[in-house]
Amino acid sequence: IGFLPGKNIYVASLPMAKPSETVTVNDGEIITLNPTMVRKSIAGKEVVMYGYNGQIPGPMLQAKQGSTFTVNVKNEIDMPTSIHWHGIRLENANDGTVGVTQDAIEPGGSFTYTVTVPDEGIYWYHPHVREDIQQDMGLYGLIHVTPKNNDVVPGVDREEFVILDDILL
């Protein structure tokens, strides 16, 4: 039996998914990453999907190495969820692994993460509840941690980040 989000929801009543934006997160800043229900047109058919802050993929978070920021999450989807900060070394209480480091965020519920990014690099965030559904339906995003000392990185004209995902509905 398959599953698509938004059972019994009038698809046209949902906002269209927005493309991912880059959000610069400063040390000590508080941001919001809410899982929401959105609609997207795929192969000429409008479907209900999930997005962080209405975006698929979710916003790319750009932070400086060593910074700490707070992420407020309100679950606005129809399933329990969490946010796991993949590859980032942080306190267990903020890891987002349901059943191990936290309880799931129930629909309508909230959770606050404190995220410290000790290492430069590219990371990603995603739920750790029904990943087979929530990730495939749009809940994922990038984290770009820039080095504390930019002198060690050779200059470039620009950086491009690409997320590849396939979808089978």
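The basis for the numbers below is simple: all heavy atoms, side chains too, and nothing from hydrogens, waters or symmetry mates.
Here the side chains of Met49 and Leu14 are not in contact, with every heavy-atom distance at 4.5 Å or above. Met37 has its side chain within reach of Ile9: a pair of non-hydrogen atoms, C-beta onward, lies under 4.5 Å apart. Counting heavy atoms from C-beta outward, Tyr125 and Ile143 have side chains that approach closer than 4.5 Å. Residues Ile88 and Pro118 have side chains in contact (heavy-atom distance under 4.5 Å, counting atoms from C-beta outward). Side-chain contact check for Leu142 versus Ile122: some heavy-atom pair is nearer than 4.5 Å. Two residues are said to be in side-chain contact when any heavy atoms from C-beta on lie closer than 4.5 Å; Met79 and Arg130 meet this criterion. Looking only at side-chain heavy atoms (C-beta outward), Tyr123 and Val117 stay at 4.5 Å or farther from each other.
Here OG1 of Thr116 is found 8.0 Å from CG of Asn94. Values are rounded to the nearest 0.5 Å. Ile105 CD1 to Glu76 CD: the interatomic distance, rounded to the nearest 0.5 Å, is 11.5 Å.
Aromatic ring pairs are classed by plane angle as parallel below 30°, tilted from 30° to 60° and perpendicular above 60°; the pair His84 and His128 is perpendicular. Classification of the Phe69-Trp85 ring pair by plane angle, with boundaries at 30° and 60°, yields perpendicular.
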Trace of the ring-ring contact (aromatic ring centres under 6.0 Å, His included) decision for Phe111 with Tyr113: CA-CA 7 Å; Phe111 193 87; Tyr113 295 94; 4.6 Å; yes

Does the pair Ile83 and Val73 meet the rule for a side chain to side chain contact (heavy atoms under 4.5 Å, CB included), with working shown? CA-CA 9 Å; Ile83 299 180; Val73 178; 3.6 Å; yes

Are Asp27 and Lys64 close enough, and set up right, to give a salt bridge (charged side-chain N to carboxylate O under 4.0 Å, His left out), and what steps lead you there? CA-CA 8 Å; Asp27 188 40; Lys64 192 67 97 177; over 6 Å; no

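Evaluation of the side-chain contact (heavy atoms from CB on, under 4.5 Å) rule for Ser110 yields Lys74 as partners, not counting sequence neighbours.
Heavy atoms only, all atoms of each residue included: Thr36 and Gly54 are closest at OG1-N, 3.1 Å. The shortest heavy-atom contact between Ser82 and Gly96 is OG-O, 2.8 Å. The shortest heavy-atom contact between Val38 and Ala17 is CG2-CB, 3.7 Å. Minimum heavy-atom separation, Pro80 to Pro107: N-CD, 3.9 Å.
Enclosure of atom CG in Asp103 is not indicated, since only 12 or fewer non-hydrogen atoms of other residues, nucleotides or ligands lie within 6.0 angstrom. More than 12 non-hydrogen atoms from other residues, nucleotides or ligands lie less than 6.0 angstrom from CD of Glu106.
For the side-chain hydrogen bond (donor to acceptor under 3.5 Å, both in side chains) condition, the pairs that include at least one residue of residues 133-146, sequence neighbours left out, are Gln62-His144, Thr81-Gln134, His126-Gln135, Glu131-Gln135, Tyr140-Asp165.
With Thr70 as reference, Thr112 is the one residue of Thr112, Val115, Val25 to meet the side-chain contact (heavy atoms from CB on, under 4.5 Å) rule.
Looking at Asp95 and Thr97, their side chains do bring a donor and an acceptor atom within 3.5 Å of each other.
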